[in-house]
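To start, the structure under review is shown below, and the notes come after it.
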There are 2 protein chains.
Amino acid sequence: MIRLRQLEVLCAVIDLGTTSGAAEALSVSQPAVSNMIRHIEDLVGFPLFKREKGRLTPTPEALHIAQEAQHLFSQQKRVDRIINQLRGGTVGQLNVIATPSIGYVLLPRLITEFTRTRPRVKLSIELGSVDDIIQQLISGRADLGFSITLPRHTALSVRPMASGNMVCAMPEDHELALSRRINVLDLNHVRHISYGFGTPLGQMIDEVYRKNGIERRYFCEVRHTSTALEMVSAGAGVALVDNFALLGVARRSIAVREIEPAMPVALHGVTSNLFPTSHVAMQFQEFVRDALNDPAALAEWGITADYS
Amino acid sequence: MIRLRQLEVLCAVIDLGTTSGAAEALSVSQPAVSNMIRHIEDLVGFPLFKREKGRLTPTPEALHIAQEAQHLFSQQKRVDRIINQLRGGTVGQLNVIATPSIGYVLLPRLITEFTRTRPRVKLSIELGSVDDIIQQLISGRADLGFSITLPRHTALSVRPMASGNMVCAMPEDHELALSRRINVLDLNHVRHISYGFGTPLGQMIDEVYRKNGIERRYFCEVRHTSTALEMVSAGAGVALVDNFALLGVARRSIAVREIEPAMPVALHGVTSNLFPTSHVAMQFQEFVRDALNDPAALAEWGITADYS
DNA sequence: ACAACAAATAATGTCAGGTTATTCGATATG
DNA sequence: CATATCGAATAACCTGACATTATTTGTTGT
């Protein structure tokens, strides 16, 4: 089977007309080319050049071969280009599934930033609960997940991305806005939005109430913090939300206050162990982590993490 | 620039699933493969396999590269084939693949005529279904295809060569021979040979039956019109065939009648866009078109298109 | 006759890609 | 549970394709 390199040399000699010319073009020595040509002729079994008066003129056979070889070269370049693109992460596909609190506003912006330098990446963003995230990842439909609640599943790898807190969001003119810091238990005294007992967030808050022997009471139950935040923004009431949900939202007359006891939360990046994680997916995960830990960068993209 | 061999090894490992398997397939040692994979990973700068539990699973990137590399391999094989043919002392080559109806009788005669003035052209004729034709063309093994069914494939160029009709062929002494023109639906009443539902021809005929709310019934199912014609000629029964299949066959006591509804068919010349079409191939294509549209020329070579 | 150029030859170096022998980790099995 | 099995990796070494430099040979224009 003829080698790629051999065809390369053959074509160079045909194109340039002389071995020395070809040698220069390929940046090798003239004898290297000369030997190679002879070697190929031995290999194929018929002359590729007519040698007369110290010159080489290609035979029709050689021309024919060279013609066909061009496609081989272009194919090789194509493969090489693809490898380069893969290296730079500018090609591939990236299916992300995330909890709405980050996926609703922040993630779309980050992805936009990320793909600004990677125009050929195919994307999809999906929102879902922890269970959805687990499902999509272990089934291979999603490459990367982001979750507040940390999914317990042996087939998943979880990496911490950023740490945050639950905070209290309310309409600007709300009575609670007068306090600098709000006790979680006090929410029982106002119309507020909270999370079902079945949700991880609901259980986390219930834990505090239970310790104090009080029953949690709220007028509206939602599943995701982003939904709660939307309602707060519409003036429906007060809600506890994670600070990630606040990143990037237009501050439409919402006031935000710290709570006590502090309820730390963390954002996790999740990948499946069942399938190899793609290069772009890893890159994007790092991109998100870096972005979340660099308020300056976020600010540059019109996302402020400041809610004092 | 990635080497051909490296891609070869990469693909082998992906296909076979293990380094040892790949090593065996390539007839080299297992460490050779192992080292090569590592070397490629260094070269491209990102992992191609996930190593866990002592096994290798390819990353999406590796799969992507392997996919692209396939074209390269087929190109290489093509060049190699061309060299082999040149070694055999031919200046040109012409590999034709055609549907049997034209390829069985007519094409051999046309090729004979064509090469009368071109002694150093190396030839091959192959018969096959539309799918075979598509496969051979896009893989570069055939230079030119002729098909009744027109192949839908983006990498193929199709040119109409001649138009024709389905006609009804039967033994001379058959009762139907008394009619001047035969209704397709009437075939249900006689022992006749037809085409499977999966074939384009079968679907085309079924369409007529379906419109009339009748189920097509036949005693023998074949794939190609030339086969059907052969059976008719042997006295097995009646069959619908395209008129191209009739061109050039010795009229061994076969009667031919027009049918209603008329079922027009066309013969197409097909070439691949993936490779440059050789000069001979284009010439031959034109030769065939001209011949088919010039009954005088055909008659001169002992081929008659007249079946009145 | 001789400079100028193109190709071929000779002697030698180097590295991609191969070898065998062996180890390591994971899994299957009596 | 000890052990056999299988796949991957590592180490040390070998080989040939393809490169090098130095030199010779043949052709051509002045």
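Convention: sequence-line order gives letters A, B, ...; per-chain numbering from 1.
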Side-chain atoms of Val28(A) come closest, of dT20(D), dG18(C), dG7(D), to dT20(D)
Hits for side chain to side chain donor-acceptor pair (under 3.5 Å) against Asp80(B), two or more places apart or cross-chain, chain-then-number order -> none
Applying side chain to side chain contact (heavy atoms under 4.5 Å, CB included) to Arg120(A) and not counting sequence neighbours gives Gln85(A), Val91(A)
Here the salt bridge (Lys or Arg N to Asp or Glu O under 4.0 Å) pairs for residues 28-46 of chain A, sequence neighbours left out, are Glu41(A)-Arg51(A)
Taken to the nearest whole Å, CG/Leu26(B) to P/dT19(C) is 10 Å
Atom CD of residue position Gln67(B) - does it have more than 12 heavy atoms of other residues, nucleotides or ligands inside 6.0 Å? no
From CD of Glu24(B) across to P of dC6(D) the rounded distance in Å is 13 Å
Whole-Å distance, Leu10(A) CG to dC18(D) P, equals 13 Å
Can you find a side chain N or O atom of Ser29(B) that sits less than 4.0 Å from OP1 or OP2 on dG18(C)? no
Leu16(B) CG to dG7(D) P, in whole Å, measures 11 Å
Original post:
What nucleic acid atoms does Ser20(B) come within less than 4.0 Å of, heavy atoms only: base, sugar-phosphate, or nothing?
Top reply: sugar-phosphate
In whole angstroms, the gap separating C1' of dA8(D) from CG of Leu48(B) amounts to 16 Å
Side chain to side chain contact (heavy atoms under 4.5 Å, CB included) filter on Thr112(B), not counting sequence neighbours, yields Arg116(B)
The contact string for nucleotides 8-17 of chain C, one letter per nucleotide 5' to 3', using protein heavy atoms under 4.0 Å with B, S and - for base, sugar-phosphate only and none, comes out as BB-------S
Between CD of Glu52(B) and C1' of dA9(D) the distance, given in whole Å, is 17 Å
Side-chain donor-acceptor pairs of residues 12-35 of chain A under 3.5 Å, sequence neighbours excluded:
from     : atom 1 : to       : atom 2 : distance (Å)
Thr18(A) : OG1    : Gly21(A) : N      : 2.8
Asn35(A) : ND2    : Pro31(A) : O      : 3.2

